[in-house]
Each structure stands twice: as structure tokens, then as C-alpha cells.
Trainee: 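Please read through the structure below; I'll follow up with questions.
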Amino acid sequence: MAQKPGIPKGTRDFGPEEVIKRNYIIQTIRNQFELFGFLPIETPSFENSDTLMGKYGEEGDRLIFKILNSGDFLSKVRPEVYELKDAAKLAPKITEKALRYDLTVPFARYVVMHQNEIDLPFKRYQIQPVWRADRPQKGRFREFYQCDADVVGSDSLWQEVEFVQLYDAVFTNLNLQGVTIKINNRKILAGLAEVIGASDKLIDFTVALDKLDKIGPDGVRDEMLGKGISETAIAKVAPLFTFTGSNTEKLELLSDLLSSSAEGLKGIEELKFILNAFEDMSLQTATLTVDITLARGLNYYTGAIFEVAAPEQVKMGSVGGGGRYDDLTGIFGLKGVSGVGISFGLDRIYLVLEELGLFPDSVQRNTQVLFLNFGDEESKYAIKAVTRLRRAGIKAELYPDGAKMKKQMNFANKRAIPFVVLAGTQEITDQQFTLKEMHTGQQFTIDYRELEERIKA
RNA sequence: GUGGUUGUAGCUCAGCUGGUUAGAGCGCUGGAUUGUGGUUCCAGAGGUCGCCGGUUCGAACCCGGUCUUCCACCCCA
């Protein structure tokens, strides 16, 4: 009895057309990464559980795919632990490995393990799949690709400036105009929480603030109240909820609000440095905007926070994110090494480009010429020409079977192959080829030289 | 993880208040056309109605469970 095949929830197969388009995006990103001086690394699909666990917060731990130990793993669990039937206690005993959840933590682990082999500052890029045990939605999968570029070992804010340029360069080269690079600073968020006396509720505060565009000022207020932040405290920062203005105006308002917070003012300074860099150096197609409500990845970011929003007409979550983390490698024992990096969400960029019809025609080009098969003798003649064409850089194929012409022509038609060559006994005698241009239906009987020229043209 | 939603031919979908052998369009295969595709015409193949169980004389249709899809929340690329 044959079983009905299927793939796990949130995973996908990719057909030839999709893979070609995905490769186009990856290649574009990779080109820019290398132009900016990043070097490639790869890390294993799975890590030791304790490398990953606890690095992404409580929510993150839940979303990490754990790998069941091999062998008779249950017999090694102490009976009293097993009897508790507490998944949180039992899991670490029976799942010592877990699938990679992002590329940043494995990179931090890599830096610490290879600290004596790498020269700081170290700029690396990494394009690999990651896995999350999330519930799938549009643009949200359980297996997806991240394309990360990070630099460790430099505190310079010029890195942040370059990452903004890198975002701009990639999206410009993908012909995706109108993306918004949102920037914020964790120190500003911390300063705000400090000023309103809610430093202990920093995460609740920022998570609520992050929802502003979704639930509105009243929604944010309600959520903050619900988390135990007082009415008077909220009133102090309420101007932020409704504030619109230029980047400079936003920073002015923040300077007032944060005048008593050293940390907050430091954050403003950092933000200003980055913005100043773009005063006489413009971006190509992206817009850089300060967004105080941006609070992603709070678990390890300590300075700048980035997020890239797709053009407004596309309903899609962010297509990229990143930020600075002053002490990421500290958890693995290497102190005082700062890192900053960004990530591109390949799968979401794909959906956006598809929706906007931005894949260039050239990425879909496949076989350019198909030689029909009229039998073994004729094929012998054809394959020689096929070989010559391939050596000339032309994608050429010989139909493998001596099937009916209708079938072979149909195949070329469905595959959208622009040229077909017919070479039967007559052509062989004359040392010619009959080239058919599928689009127009025109045919020419010509020699090899002209054949190659016409296909190239 | 919480709440909702979806599933019928390869694809997009019909299928009435439960009632014989479950339909259409497109696609597919063959033929009209033995060296000529796209158009046309003719014929044909293809479904245990997501899966398991229940109610019923009788279930694609009602009920329960489960898987899947999509959506909202949570969170995130």
C-alpha cells in the first residue's frame, strides 16, 4: 500500500523556476556582501542545545526545534525526572542537539571557538537556512533562509553607516525601490523606560511601544497600563505615540524627554552620528527613518536596531533586521568584543519581488535551442553541433528519444525554448541545419556558423 | 502556544434541505496531421470527496477527533 506523500507543515518544495529566482536574489546579496568586504562562513545545521537555549528569550526557547537523542535515550533518564512528566525538565536530558534558529548566535559561537584564527575586526557573511517551530502564516515558514552580514571587533559607528548603505545597495540592485530602513537605538528605549521610572519593565514597555502602528496610541496605553506601568509614567512619553516629523525633529523631542538620562542621551548621540553621515551622502533608493517604536531582537541588541520594511503596497512583515550587540560573545566566554550586523529574509524578499513583478526576464532564461531527434544516425550529427554550441556558451539540448515530431515540438513549446533545430538526412547531406524560430514560426536552412550567430543574436 | 478558517480530478472550482453510477473548465494521453508546436475538431484516462471514527436505511454534505492551508494573537525574516 503506497503511502500518500507529504512534507512537514511550514516547509516547501522549490521547482526549477523558484530555485532560479531564489538564486538570483542570493547572488545579488552575495555580490554586495563581497563588495563590502565580508567573507563567507558556514556553520552546522544543528548545534548543541545549550549553545542555543536561553539566547532568544522564553519565546525563542519554545520555537527552537529540538532533536531527539539517538539510541535508548530514555533508559538514561533518572526515573524521578521522568516521573515528573515536566517537558521543560525532561527535554534537556533527551534532546542534546537542536536545529539552528538564526545565524547570529552560531556566529558568536564560531568567533569564540576560532578567536585565535581570525583577525579583528572580522566581517563575515552567511547564507543558510534556519528553522523555527512557529505556526506558519504568509511569509512565515518553519524553514527559511537568512542572509546575514556581521562584523565583530569594532565599536565604530561607521559600521552602522555601512550597513545602512549595504541595505540600500542590495535592495537597489534587486530593483526593489521604496524600502524603508527604520533605525532606533536600544539605549534610547532604555532611557525612556528610565525616565518614566519603569526600567524594570523595559521589555514590557518596548514590546507595547513596538505595536504602535498596529494597535494605535490607545492600544499602546492600554497594554502598558495592563503591564503595570502607571498613568503618569505613560503620560510622560505619550507625545511619542502621536509624533510625526523629520528625523531631526524626532531627535529634538527625544533630547527633551531624555535630558535626565545619560544612557538615553548616548543613544541619541549614536543615532545622530549615523544620520549625519547621510547628510552629504545620499542613499540610492531606500529611505532612512528614525522609528522610536522599533524594538526588535531586544534580547541581545544594545545599540542600533535596524529593520527594513517592504514598500507599503505590499502587505509583508519586515524583509530584514539587525542591530548592534555589545557583548554577544560574552555568553561564550569572550568578553569585550562588540558585534553589529544585519539580516536579509530571502523568502520574504522573494514574495515581495514576485508580487511586484520585479524579477528580470533574464533570470528565467533556460535552454536556448533544442535539437529534434530523428533517430540515431541523425542524432550523431546533431550532438556534434550541440557540443559546439555548448562550448560557445549556448544552452543546447538534444531531445533524447526518437519520439514523434509533434511530441518533440510540443516539448520545446511548453518549455518555452526559443529555437528548435531540425536536422534529418537532407540537412546532413548538405551539411546544413534547419533552424526554426518558435516565436515567429520562421525557418532557415543554414550552416553551423550562421546557426550559432542566429541563436546568439 | 491561544482562537478561528480551509481541504472534492494534476490545477481552479461547482455539487441544492443528507438520496442512484460525484461534475465543469483548464491541463494530460491518443487521433484527425508518418519532417513541424501554439489554433480547431474527435476520443480517452484520471477522484476510497484530507485521514480516522460516529450518527443514519443511506454521508462529499451532519457530529467528534486528527492532519493540512490560510488568518488573527504571541512572536518574528
Trainee: Under 4.0 angstrom, heavy atoms only, what part of the nucleic acid is A:Thr11 near: base, sugar-phosphate, or nothing?
Mentor: nothing

Trainee: Can you tell me how far P of B:rG50 sits from CD1 of A:Ile7, to the nearest Å?
Mentor: 19 Å

Trainee: When the C1' atoms of B:rG27 and B:rG18 are compared, how many Å lie between them, rounded to an integer?
Mentor: 33 Å

Trainee: Searching all strands shown, indicate the nucleotide that pairs with B:rC51 (Watson-Crick or G-U wobble; both distances under 3.5 Å).
Mentor: B:rG65

Trainee: Over how many whole Å does the gap from A:Arg140 atom CZ to B:rA77 atom P extend?
Mentor: 10 Å

Trainee: Using a 4.0 Å heavy-atom cut-off, does A:Gly10 contact any base of the nucleic acid, only the sugar-phosphate backbone, or nothing at all?
Mentor: sugar-phosphate

Trainee: What's the CG-P distance between A:Leu370 and B:rU36, to the nearest Å?
Mentor: 16 Å

Trainee: Specify the separation, in whole Å, of atom CD of A:Gln137 and atom C1' of B:rC76.
Mentor: 10 Å

Trainee: Which value, in whole Å, describes the distance between the C1' atoms of nucleotides B:rG50 and B:rA59?
Mentor: 16 Å

Trainee: Take nucleotides 37-45 of chain B nucleotide by nucleotide from the 5' end and write B, S or -, depending on whether a protein heavy atom sits under 4.0 Å from the base, only from the sugar-phosphate, or from neither.
Mentor: BB-------

Trainee: What integer distance in Å separates A:Ile305:CD1 from B:rC76:C1'?
Mentor: 14 Å

Trainee: For B:rA43, give the paired nucleotide (Watson-Crick: N1-N3 plus N6-O4 or O6-N4; G-U: N1-O2 and O6-N3; both under 3.5 Å), or none.
Mentor: B:rU29

Trainee: Taking only the side-chain heavy atoms of A:Arg348 (C-beta and beyond), determine which of B:rC75, B:rA77, B:rG35 contains the nearest atom.
Mentor: B:rA77

Trainee: Taking donor-acceptor contacts at under 3.5 Å, does the side chain of A:Glu427 reach the base of B:rG35?
Mentor: yes

Trainee: Could you check whether the rings of A:Tyr381 and A:Phe433 sit parallel, tilted or perpendicular, using 30° and 60° as the cut-offs?
Mentor: parallel

Trainee: For a side chain to side chain donor-acceptor pair (under 3.5 Å) with A:Tyr325, tell me which candidate from A:Thr302, A:Thr104, A:Asp150 qualifies.
Mentor: A:Asp150

Trainee: Assuming nearest nucleotide by heavy-atom distance, tell me which of A:Lys138 and A:Arg135 is located more 5' along RNA chain B.
Mentor: A:Arg135

Trainee: Would you indicate what A:Val207 reaches in the nucleic acid, counting non-hydrogen atoms under 4.0 angstrom: base, sugar-phosphate, or nothing?
Mentor: sugar-phosphate

Trainee: Do you know which two heavy atoms are closest between A:Glu160 and A:Ala304, and how far apart they sit?
Mentor: CG-CB, 3.7 Å

Trainee: Between B:rU33 and B:rC41, how far apart are the C1' atoms? Round to whole Å, please.
Mentor: 12 Å

Trainee: With centres under 5.5 Å and planes under 30° as the test, does A:Tyr145 stack with B:rA77?
Mentor: no

Trainee: Whole Å only: how far is the CZ atom of A:Arg142 from the P atom of B:rC67?
Mentor: 11 Å

Trainee: Only pairs with both distances under 3.5 Å count, Watson-Crick or wobble alike; so what is the partner of B:rG18 in this structure?
Mentor: none

Trainee: Among B:rC74, B:rA77, B:rU36, which nucleotide has an atom closest to any side-chain atom of A:Leu422?
Mentor: B:rU36

Trainee: Please report the shortest heavy-atom distance between A:Leu294 and A:Asp210, naming the atom on each side.
Mentor: CA-OD1, 3.8 Å

Trainee: What is the nucleic acid contact for A:Gly424, judged by heavy atoms within less than 4.0 Å: base, sugar-phosphate only, or nothing?
Mentor: base

Trainee: For A:Val352 and A:Ala310, work out which heavy atoms get closest and say how close.
Mentor: CG2-CB, 4.0 Å

Trainee: Please give the distance between the C1' atoms of B:rU55 and B:rA24 as a whole number of Å.
Mentor: 32 Å

Trainee: Ignoring hydrogens and angles, are the base of B:rU36 and the side chain of A:Gln443 linked by a donor-acceptor pair under 3.5 Å?
Mentor: yes

Trainee: State whether the number of non-hydrogen atoms from other residues, nucleotides or ligands found under 6.0 Å of A:Phe46 atom CZ is greater than 12.
Mentor: no

Trainee: Is it true that A:Glu270 and A:Arg324 make a salt bridge, defined as a side-chain N closer than 4.0 Å to a carboxylate O?
Mentor: no

Trainee: Please state how far atom NZ in A:Lys211 lies from atom P in B:rC73, giving the value in whole angstrom units.
Mentor: 9 Å

Trainee: When the nearest nucleotide of RNA chain B is assigned to A:Pro8 and to A:Asp134 on a heavy-atom basis, which residue is associated with the more 5' position?
Mentor: A:Pro8

Trainee: Considering every strand and a 4.0 Å limit on heavy-atom distances, what is the contact class for A:Gln146: base, sugar-phosphate, or nothing?
Mentor: sugar-phosphate

Trainee: Is it the case that more than 12 heavy atoms not belonging to A:Lys97 sit under 6.0 Å from its NZ atom?
Mentor: yes

Trainee: Can you tell me which nucleotide in B:rC75, B:rG35, B:rG31 comes closest to the side chain of A:Lys404?
Mentor: B:rG31

Trainee: Nearest whole Å is fine: how far is B:rC74 P from A:Asp204 CG?
Mentor: 13 Å

Trainee: Mind checking the P distance from B:rU56 to B:rC42? Whole angstroms is fine.
Mentor: 49 Å

Trainee: Using atom P of each nucleotide, how far apart are B:rG10 and B:rG47 to the nearest Å?
Mentor: 7 Å

Trainee: Distance between the P atoms of B:rU34 and B:rC13, in whole angstroms?
Mentor: 39 Å

Trainee: Would you find more than 12 non-hydrogen atoms of other residues, nucleotides or ligands less than 6.0 Å from A:Asp376 atom CG?
Mentor: no

Trainee: Can you name the one residue among A:Phe171, A:Phe306, A:Tyr145 that meets ring pair (Phe, Tyr, Trp, His ring centres under 6.0 Å) with A:Phe344?
Mentor: A:Phe171

